[in-house]
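These notes are about the structure you will find just below.
Numbers here simply count residues along the sequence, with the first being 1. Worth saying up front: this structure is predicted, and the values here are computed from it rather than measured.
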Amino acid sequence: MPAGRPGPAAQSARRPPPLLPLLLLCVLGAPRAGSGAHTAVISPQDPTLLIGSSLQATCSVHGDPPGATAEGLYWTLNGRRLAPELSRVLNASTLALALANLNGSRQQSGDNLVCHARDGSILAGSCLYVGLPPEKPFNISCWSKNMKDLTCRWTPGAHGETFLHTNYSLKYKLRWYGQDNTCEEYHTVGPHSCHIPKDLALFTPYEIWVEATNRLGSARSDVLTLDILDVVTTDPPPDVHVSRVGGLEDQLSVRWVSPPALKDFLFQAKYQIRYRVEDSVDWKVVDDVSNQTSCRLAGLKPGTVYFVQVRCNPFGIYGSKKAGIWSEWSHPTAASTPRSERPGPGGGACEPRGGEPSSGPVRRELKQFLGWLKKHAYCSNLSFRLYDQWRAWMQKTHKTRNQHRTRGSCPRADGARREVLPDKL
């Protein structure tokens with residue numbers, strides 16, 4: 001730009017609008033020249049102050065062109081004209097400003113303190129940084145998806161907001177040897193996170209910490225020590241399927257596939273299921289699924305749509321003794337339970353058709369067993385084996401009872417309607 005030609009900011013300021021754009025960015029070290037050959041200087045230039053501090057500033061005009069004397073000058077902060085009583089004339093070319101109990105900067109790039117000539121043109125400007133030093137970062141947590149990478153996130157101090165641009169650097173190194181390394185891929189899973197994609201060692205602990213710096217100081221977190229094998233997690237289990245269990249009106253079968261990312265590694269996995277009804281936001285969690293890839297949910301409401309999710313926790317990788325880290329929940333999968341065929345309140349009981357004895361007592365016993373299953377067993381393999389044995393015993397008992405009945409009694413249980421259950425869960 002040729003010397004003496006005003007920049008875009010100065011041209012826009014010549015229009016007598018009283019306000020400058022609020023988000024005008026500060027340019028460090030660059031004078032804000034006004035019209036003609038005269039210039040001015042604001043002192044101090046680009047100060048950094050704590051919240052609650054006071055500022056004494058001056059605007060001094062060089063040269064003595066018409067209209068550029070101290071009596072004709074005024075100040076703006078972020079485009080808003082400051083009250084005249086905050087200023088006073090020191091001499092013919094210098095206007096002073098006094099600000100007390102400063103609030104935090106509105107923009108991290110600095111607030112705009114500008115000195116204007118009588119006609120509104122910009123003579124000089126300064127960036128005003130008002131804020132707090134960073135606090136000690138805390139709550140560092142890290143995880144690995146494939147035992148070759150590491151992702152960490154943290155909380156930026158108790159108050160968080162410093163009103164100044166604050167830089168966070170995640171540092172790491174091998175615990176007993178090696179040099180400090182700095183993570184380079186930031187904001188991968190949020191504003192305070194970083195991803196280390198490769199070149200990590202196994203079976204050796206790392207030390208990890210976060211450093212925070214801004215214009216008013218620096219702070220360092222406590223050191224987190226971890227082994228990559230202890231913080232492995234996976235993607236959510238894929239291919240989650242939810243289906244009915246024959247005609248049982250209060251059960252659903254859930255099946256899924258183990259996450260493929262760690263199939264080549266020696267590890268165990270445990271799973272959790274959660275489910276909710278369609279019109280609710282409250283999830284119920286099934287904790288004791290262990291390492292199965294299927295589960296039967298019991299004690300559900302008939303004729304109701306349920307949403308189901310599954311998540312995985314790999315543990316024991318290469319002998320690690322840590323509890324493992326849960327994956328995210330899978331996408332919700334929906335299914336509905338069959339509608340109840342029982343009569344509503346006040347309805348009469350259905351009589352069995354010829355050749356079909358009533359299954360009411362068996363169904364009542366089944367309900368009792370499934371109620372116990374819901375409270376005590378959920379998805380345990382042992383519980384379902386016991387259920388199968390219990391059901392076979394019930395059928396045998398019912399058959400024996402029918403064989404001892406006299407002529408004219410209900411037919412044998414051979415023709416009774418059965419509840420169809422899958423052979424494999």
Side-chain angles (χ1 to χ4, degrees), residues 4 6-134 161-166 214-217:
Q11 293 177 359
S12 63
R14 288 170 186 244
R15 306 186 194 114
L19 300 180
L20 290 173
L22 181 60
L23 297 180
L24 178 67
L25 297 180
C26 289
V27 180
L28 300 181
R32 284 70 171 176
S35 59
H38 61 275
T39 60
V41 173
I42 291 179
S43 180
Q45 185 65 217
D46 305 328
T48 301
L49 302 167
L50 284 168
I51 290 177
S53 299
S54 299
L55 173 67
Q56 302 288 333
T58 59
C59 177
S60 300
V61 179
H62 298 288
D64 191 20
T69 60
E71 289 82 357
L73 305 182
Y74 66 90
W75 298 90
T76 62
L77 181 63
N78 290 329
R80 295 185 179 276
R81 188 163 180 167
L82 297 177
E85 55 267 24
L86 299 177
S87 305
R88 65 187 179 92
V89 176
L90 295 183
N91 54 50
S93 61
T94 303
L95 180 67
L97 174 68
L99 298 176
N101 196 23
L102 292 170
N103 295 321
S105 296
R106 291 190 179 183
Q107 47 200 55
Q108 291 187 348
S109 58
D111 290 340
N112 298 283
L113 181 63
V114 180
C115 177
H116 296 264
R118 186 189 303 273
D119 61 0
S121 61
I122 294 177
L123 298 178
S126 175
C127 290
L128 183 58
Y129 301 95
V130 183
L132 298 169
E161 179 61 68
T162 64
F163 301 94
L164 302 173
H165 174 71
T166 301
N214 67 16
R215 289 173 166 266
L216 286 172

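- Two residues are said to be in side-chain contact when any heavy atoms from C-beta on lie closer than 4.5 Å; V61 and T69 fail this criterion.
- Take N91 and apply the side chain to side chain contact (heavy atoms under 4.5 Å, CB included) test, not counting sequence neighbours, and it matches S93, T94.
- A heavy-atom distance below 4.5 Å is found between the side chains of R81 and T76.
- Judged by distance alone, the side chain of S105 and the main-chain N or O of V130 form a donor-acceptor pair under 3.5 Å.
- A heavy-atom distance below 4.5 Å is found between the side chains of P44 and L55.
- Looking at heavy atoms from C-beta onward, C115 lies out of side-chain contact with L95 at the 4.5 angstrom threshold.
- In this view, T48 and R215 satisfy the side chain to side chain donor-acceptor pair (under 3.5 Å) rule, not counting sequence neighbours.
- Atom CD in Q45 sits 11.0 Å away from atom CG in L128 (nearest 0.5 Å).
- Across every non-hydrogen atom of R106 and R80, the tightest pair is NH1-NE, 4.4 Å.
- Rounded to the nearest 0.5 Å, atoms CG (N101) and OG (S54) are 7.5 Å apart.
- From Y74, atom OH reaches atom CG of L123 across 9.0 Å, with rounding to the nearest 0.5 Å.
- Contact of the H116 side chain with the I122 side chain is registered, since non-hydrogen atoms from C-beta on lie closer than 4.5 Å.
- The two atoms that bring E161 and Q108 nearest to each other are OE2-NE2, 4.0 Å, heavy atoms only.
- In terms of modelled atom types and a separation under 3.5 Å, the side chain of D46 and the main chain of S126 share no donor-acceptor contact.
- By the 4.5 Å heavy-atom criterion applied to side chains, S43 and S60 are not counted as neighbours.
- Atom CD1 of I51 and atom CG of L132 lie 4.0 Å apart (nearest 0.5 Å).
- A distance of 8.5 Å separates CD1 of I42 from OG1 of T58, quoted to the nearest 0.5 Å.
- Counting heavy atoms from C-beta outward, L50 and P133 have side chains that approach closer than 4.5 Å.
- Note that OG1 of T162 and CG of N214 are 5.0 Å apart. Values are rounded to the nearest 0.5 Å.
- Of all heavy-atom pairs spanning W75 and S87, the tightest one is CD1-OG, 3.1 Å.
- The shortest side-chain heavy-atom distance between D111 and F163 does not fall under the 4.5 Å cut-off.
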